[in-house]
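Reading through the structure tokens given below for one structure.
Residue numbering restarts at 1 for every chain, and letters A, B, ... go by the order of the sequence lines. Everything quoted here is computed from the prediction, not taken from an experiment.
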Number of protein chains: 2
Amino acid sequence: MSEKISNKVINFGAGPGKLPFEVLKDVQNELLSYGNSKISILEMSHRSNDFKKIVENAQKRLTEILNIPENYKVMFLQGGGTGLFAAIPLNMMTTGSADYIVTGTWSAKAAKEASKYGKVNFVTPPTKTYTEIPNKSTWTFNPNASYVYYCDNETIHGIEFHDIPETKGIPLVVDMSSNFLSKPIKISKFALIFAGAQKNVGPAGITVVIVRKDFIGSAMPICPSIFDFAVVSAENSIHNTPPVFQIYFVGQVFEWIHKNGGVENMNILASKKSKLIYDIIEESQGFYLCPIKKDCRSRMNIPFRIKNNEELENAFVAGAIALNMLQLKGHRSVGGIRASLYNAVTFEDAQVLANYMNKFYKENN
Amino acid sequence: MSEKISNKVINFGAGPGKLPFEVLKDVQNELLSYGNSKISILEMSHRSNDFKKIVENAQKRLTEILNIPENYKVMFLQGGGTGLFAAIPLNMMTTGSADYIVTGTWSAKAAKEASKYGKVNFVTPPTKTYTEIPNKSTWTFNPNASYVYYCDNETIHGIEFHDIPETKGIPLVVDMSSNFLSKPIKISKFALIFAGAQKNVGPAGITVVIVRKDFIGSAMPICPSIFDFAVVSAENSIHNTPPVFQIYFVGQVFEWIHKNGGVENMNILASKKSKLIYDIIEESQGFYLCPIKKDCRSRMNIPFRIKNNEELENAFVAGAIALNMLQLKGHRSVGGIRASLYNAVTFEDAQVLANYMNKFYKENN
């Protein structure tokens with residue numbers, strides 16, 4: 001392994017995080033005039049034909065790269081994941097209750113928000129620390145639940161599902177904010193998939209929602225219009241003024257993924273990049289410590305401690321910054337280090353981090 | 001008046017509309033690296049110190065240019081004006097009812113959304129066409145109303161309030177989406193002021209809210225967290241990931257307004273620009289027709305018909321496009337022509353339109 005340390009800045013942030021440089025460059029180039037429009041994308045009417053095409057092309061490309069069946073609708077919503085935490089029960093909690101699999105901060109927050117709108121059953125036993133996906137033998141589903149909710153990748157704790165939970169026919173809802181488009185997914189297993197853009201597909205300010213069409217049209221009367229799937233879907237995500245720029249941007253990222261081997265290649269890269277880092281952690285004989293059980297470690301967000309020693313961790317982060325590796329400090333609720341390896345982080349970027357980890361280990365072990 | 005027609009593109013769109021060229025240019029220049037950060041603003045963590053400063057600076061500059069008293073909080077919300085239509089009753093309809101002054105499409109939509117959360121009283125008599133602000137002698141307030149709501153400028157119909165409604169002590173809520181920062185306003189007259197950015201202050205995707213602090217903390221239990229003023233305010237609009245880019249952008253526009261004479265100068269320009277167009281309409285002896293009563297004509301959005309003749313109107317729009325004047329077609333619900341003269345539309349831009357209107361009049365009268 002080369003000891004060469006790159007001078008290029010690498011953003012290992014957990015989101016908003018690194019975006020594909022090619023896309024950023026294109027967006028910058030046409031920022032003053034979109035296509036032949038002579039106006040900036042930032043000045044473009046959401047009712048213009050140009051923008052309608054932007055929405056439709058983004059939907060088409062996403063449908064292609066994820067192989068989305070015809071009985072699903074792709075929508076763009078505002079309010080981030082936290083907005084969806086409310087929108088999901090407001091649209092889908094038709095029986096008055098829902099099941100939540102809680103494996104980290106984000107699914108816990110989603111469950112708390114849902115409890116405003118009905119009864120929340122916890123599928124998994126309560127836990128104070130999130131270091132594993134509880135064994136499936138401990139799971140209890142409520143047969144009356146409107147849906148089962150889970151978070152496929154817990155950004156803060158670094159826990160990722162490597163298979164799809166079996167829910168015995170109860171509709172499945174998933175938050176894929178931080179691993180969206182990092183792997184192929186069998187859409188037909190889900191009632192709804194959502195992802196805040198600001199991890200793998202764009203800047204903050206837009207949430208991609210893929211919903212099975214028969215779950216559109218059942219919103220509670222108290223549901224705000226901007227969250228009512230029937231309202232949003234009827235006007236193809238242009239009911240009120242959407243964040244034109246973000247929809248344009250995620251469309252560009254969908255194109256970028258398509259040109260770079262699709263989710264199949266993102267999947268291969270995610271495995272290769274994360275293996276590089278996890279192998280160093282494993283081989284460090286306790287110098288680097290990842291608290292997460294091996295069978296559910298995230299390929300996107302790798303949290304680790306350094307000998308549980310804050311001083312060493314601060315030195316690690318400071319040394320990384322000096323080498324232009326940014327945002328490696330762990331989440332304030334967990335501490336330590338967190339390396340996020342989203343699609344835009346290249347294998348070479350991960351190698352730079354790996355080299356630094358090896359060097360830091362040798363110097364501080 | 002010069003007959004010279006500029007070759008520069010002018011965007012007269014009603015929103016998203018024209019943005020200050022200087023701001024667009026600056027944003028483009030630093031799109032790949034914000035300040036000394038070496039990363040794009042689009043990749044910037046919402047928890048970073050850089051972003052905290054961006055939020056605080058935007059708040060400070062807005063506070064300065066609008067002279068906002070200390071007992072008000074400036075917040076940034078997602079979901080556009082339509083989101084606020086729900087957020088306002090969800091936070092403020094504490095008595096179970098509210099009064100709505102309906103003078104156009106947008107206030108009508110706001111009233112409809114509010115009726116999901118309590119009783120809506122209509123202050124003004126019902127009307128099918130929106131061409132005036134009903135005489136104040138016809139207004140009826142409900143003394144039990146939690147607040148009185150109105151829209152200061154109806155973008156579609158072109159109706160603008162030129163004074164602040166007197167509500168006999170009932171808290172006043174105003175939608176200023178399409179004339180925000182076009183004039184000084186006496187903030188202390190209001191309980192809440194909101195504005196979707198995509199008219200006068202930035203790209204779509206962020207809503208500026210100025211709320212008197214004693215109206216924070218009374219949200220209904222069913223209020224989604226992203227709309228709960230207490231939640232948003234407690235973390236200074238960084239509860240969940242906000243649209244980092246839009247907050248950065250509106251901050252730049254606030255700076256631009258500050259550098260260009262503040263809202264005092266925007267006010268003078270708005271009067272001058274709109275007078276130019278209204279004078280041509282008035283002097284055209286019925287060739288150009290503005291249906292709106294003179295005492296409430298909008299300085300931002302000027303709707304007019306051309307002899308009520310669609311063929312002439314289509315020719316007017318086509319001729320304008322050929323001369324690089326874009327987005328002059330009227331709203332689909334009203335027809336005719338609409339010229340929007342937001343802050344970023346210069347006096348010279350308005351003159352180009354005025355010249356074209358004079359020429360078109362001579363050729364087609």
Do B/Asp26 and B/Trp256 come close enough that some side-chain heavy atom pair is under 4.5 Å? no

In terms of heavy-atom pairs under 4.5 Å with chain B, the winner among A/Gly81, A/Ser33, A/Ser45, A/Ser40 is A/Ser45

Measure across B/Ser107 and B/Glu154 and return the closest heavy-atom pair with its distance rounded to 0.1 Å. OG-OE2, 2.6 Å

Is it the case that B/Asp175 and B/Ser177 place a side-chain donor and acceptor less than 3.5 Å from each other? yes

Whatever's closer than 4.5 Å to a heavy atom in chain B on A/Ser37 counts as backbone

Checking heavy atoms, do the side chain of A/Ile39, its backbone, both or neither come under 4.5 Å from chain B? side chain

Shortest non-hydrogen pair, A/Tyr117 vs B/Ile222, comes out as OH-O, 2.8 Å

Quick check for you: among B/Lys116, B/Gln327, B/Lys112, which has the greatest number of heavy-atom pairs under 4.5 Å with chain A? B/Lys116

I'd like to know which of A/Lys109, A/Gln78, A/Glu43 tops the heavy-atom pair count under 4.5 Å against chain B. A/Glu43

Determine whether the aromatic ring centres of A/Phe249 and B/Phe245 lie less than 6.0 Å apart. no

Keeping the roles fixed (side chain from A/Gln246, backbone from A/Gly202), state whether a donor-acceptor pair exists under 3.5 Å. no

Which heavy atom of B/Ser178 sits nearest a heavy atom of B/Thr155, and at what distance? OG-OG1, 2.9 Å

Spell out the residues in residues 82-94 of chain A that have some non-hydrogen atom less than 4.5 Å away from a non-hydrogen atom of chain B, in order of number; otherwise answer 'none'. A/Thr82, A/Gly83, A/Ala86, A/Leu90

Mind checking whether B/Glu113 and A/Pro224 have side chains closer than 4.5 Å, heavy atoms only? yes

Kindly assign one of parallel, tilted or perpendicular to the pair B/Tyr149 and B/Phe194, based on the angle between their ring planes and the thresholds 30° and 60°. tilted

Shortest non-hydrogen contact from B/Val9 to B/Leu326? CG1-CD1, 3.5 Å

Mind checking whether B/Val23 and B/Val27 have side chains closer than 4.5 Å, heavy atoms only? yes

Looking only at heavy atoms, which two atoms of B/Gly80 and B/Thr207 are closest? And how far apart? CA-OG1, 3.2 Å

Would you check, one step at a time, whether the test side-chain contact (heavy atoms from CB on, under 4.5 Å) holds for B/Val352 with B/Met325? CA-CA 9 Å; B/Val352 175; B/Met325 283 179 276; 4.0 Å; yes

Given heavy-atom pairs under 4.5 angstrom as the criterion, report whether the side chain, backbone, both or neither of B/Leu77 touches chain A. neither

In terms of heavy-atom proximity below 4.5 Å to chain A, should B/Gln28 be classed as side chain, backbone, both, or neither? both

Indicate the atoms forming the closest heavy-atom contact of A/Ala230 with A/Asp228, along with that distance. N-OD1, 2.9 Å

Any residues in residues 335-344 of chain B near chain A, with a heavy-atom distance under 4.5 Å, and which are they? none

Cut-off 4.5 Å, heavy atoms of chain A, and the answer for B/Pro221 is backbone

Turns out that what part of B/Phe227 lies under 4.5 Å from chain A's heavy atoms comes down to side chain

Highest number of heavy-atom pairs under 4.5 Å with chain B among A/Gly15, A/Gly13, A/Gly17 belongs to A/Gly17

